[in-house]
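Reckoned from all heavy atoms, side chains included, excluding hydrogens, waters and symmetry mates. Here the structure is a predicted model, which means the values were calculated and not measured.
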Amino acid sequence: METQNTGNKVQIYILSAVIALVQVFDIVVHVTNDMIEPIRLLSNAFIFVWLGVVLSGRLNQMAWRVMAGFVGVYVLLNVIFLAQNGLTNPENNDEFRTVLFVLVGVTVALSAWLASTLANRTG
């Protein structure tokens, strides 16, 4: 039983780290390309807060609800960004915003996996 609990903790830390790295990558890409978008940075901040709540160790069966709240706001902010700026990037030869969709998709999927791990952990 203790080995399973330790395994869950390791999985929680790894998933949290990967999600954080995705957010840092998103921020770095925008900063280095001089395309700082406040609404996207705010969405990244919501994910960092979600990870802070996760790592505080206070979530159990509420993990899904808390994840849905924070990640829901993250998705909503990105949808608002797309509504304001379009599906293509005029600063990048009107290319489709593929990276945005990949990063949001990865963040949502990993966050769901993390919430599931939190909800199913023992101890």
Side-chain angles (χ1 to χ4, degrees):
M1 191 77 99
E2 183 63 33
T3 304
Q4 183 179 5
N5 193 20
T6 302
N8 281 349
K9 285 182 181 180
V10 169
Q11 187 175 9
I12 289 165
Y13 290 128
I14 289 172
L15 286 169
S16 297
V18 173
I19 294 167
L21 287 173
V22 169
Q23 302 314 300
V24 169
F25 174 77
D26 189 20
I27 293 167
V28 167
V29 165
H30 285 91
V31 170
T32 58
N33 290 312
D34 199 29
M35 293 188 297
I36 298 171
E37 297 148 340
I39 197 165
R40 295 281 315 278
L41 293 175
L42 182 61
S43 74
N44 297 126
F46 270 90
I47 295 301
F48 285 122
V49 172
W50 151 240
L51 295 175
V53 171
V54 166
L55 295 175
S56 75
R58 296 182 180 160
L59 294 178
N60 288 319
Q61 275 28 37
M62 288 186 52
W64 279 105
R65 290 183 199 152
V66 174
M67 184 278 298
F70 281 105
V71 176
V73 171
Y74 168 77
V75 170
L76 178 64
L77 289 170
N78 281 286
V79 167
I80 291 169
F81 171 80
L82 288 171
Q84 292 175 341
N85 298 285
L87 295 173
T88 60
N89 187 348
E91 294 178 21
N92 211 11
N93 297 324
D94 279 332
E95 289 185 20
F96 187 71
R97 296 182 190 273
T98 306
V99 175
L100 180 146
F101 285 98
V102 169
L103 294 176
V104 170
V106 167
T107 298
V108 171
L110 291 175
S111 293
W113 186 4
L114 180 55
S116 177
T117 301
L118 289 165
N120 294 325
R121 71 179 172 186
T122 57

Checklist entry - How many angstroms lie between CD1 in Ile36 and CG in Asp34, if you round to the nearest 0.5 Å? => result 6.0 Å
Checklist outcome for this item: Those residues at least two apart in sequence (or on a different chain) that pass ring pair (Phe, Tyr, Trp, His ring centres under 6.0 Å) with Phe48 are none
Item to check | Donor-acceptor contact present, side-chain Ser16 to main-chain Tyr13, <3.5 Å | outcome: no
Checklist entry - Is there side-chain contact between Phe70 and Leu51, with at least one heavy-atom pair below 4.5 Å? => result no
Checklist entry - Under the salt bridge (charged side-chain N to carboxylate O under 4.0 Å, His left out) rule, what pairs show up with a residue in residues 42-54, not counting sequence neighbours? => result none
Could you tabulate the donor-acceptor pairs under 3.5 Å formed by side-chain atoms of residues 24-33, not counting sequence neighbours?
| residue | atom | partner | partner atom | Å |
| --- | --- | --- | --- | --- |
| Asp26 | OD1 | His30 | ND1 | 3.1 |
| Asp26 | OD1 | Arg40 | NH2 | 3.0 |
| Asp26 | OD2 | Arg40 | NH2 | 2.9 |
| Asp26 | OD2 | Asn44 | ND2 | 3.2 |
| His30 | ND1 | Asp26 | O | 2.7 |
| His30 | NE2 | Glu37 | OE1 | 2.9 |
| His30 | NE2 | Arg40 | NH1 | 3.3 |
| Thr32 | OG1 | Val28 | O | 2.8 |
| Thr32 | OG1 | Val29 | O | 3.2 |
| Asn33 | ND2 | Val29 | O | 2.9 |

Checklist entry - Does Ser111 have any side chain to side chain donor-acceptor pair (under 3.5 Å) partners at least two apart in sequence or in another chain, and if so, which? => result Trp50
Checklist entry - Considering residues at least two apart in sequence or located in another chain, which fulfil the side chain to side chain donor-acceptor pair (under 3.5 Å) criterion with Thr88? => result none
Item to check | Whether over 12 other heavy atoms sit under 6.0 Å from Asp94 CG | outcome: yes
Checklist entry - Thr107 side chain to Leu103 main-chain N or O, any donor-acceptor pair under 3.5 Å? => result yes
Checklist entry - Looking only at heavy atoms, what is the nearest atom pair of Ser43 and Tyr74, with distance? => result O-CD1, 3.2 Å
Checklist outcome for this item: Nearest heavy-atom approach of Ala112 to Met67 is CA-CE, 4.0 Å
Checklist entry - Which residues satisfy the ring pair (Phe, Tyr, Trp, His ring centres under 6.0 Å) test with Phe96, sequence neighbours excluded? => result Phe101
Checklist outcome for this item: Smallest heavy-atom separation, Val108 atom then Val71 atom, equals CG2-CG1, 3.8 Å
Checklist entry - Side-chain heavy atoms under 4.5 angstrom apart, residues restricted to Ile, Leu, Val, Met, Phe, Trp, Tyr: same cluster for Trp113 and Ile14? => result yes
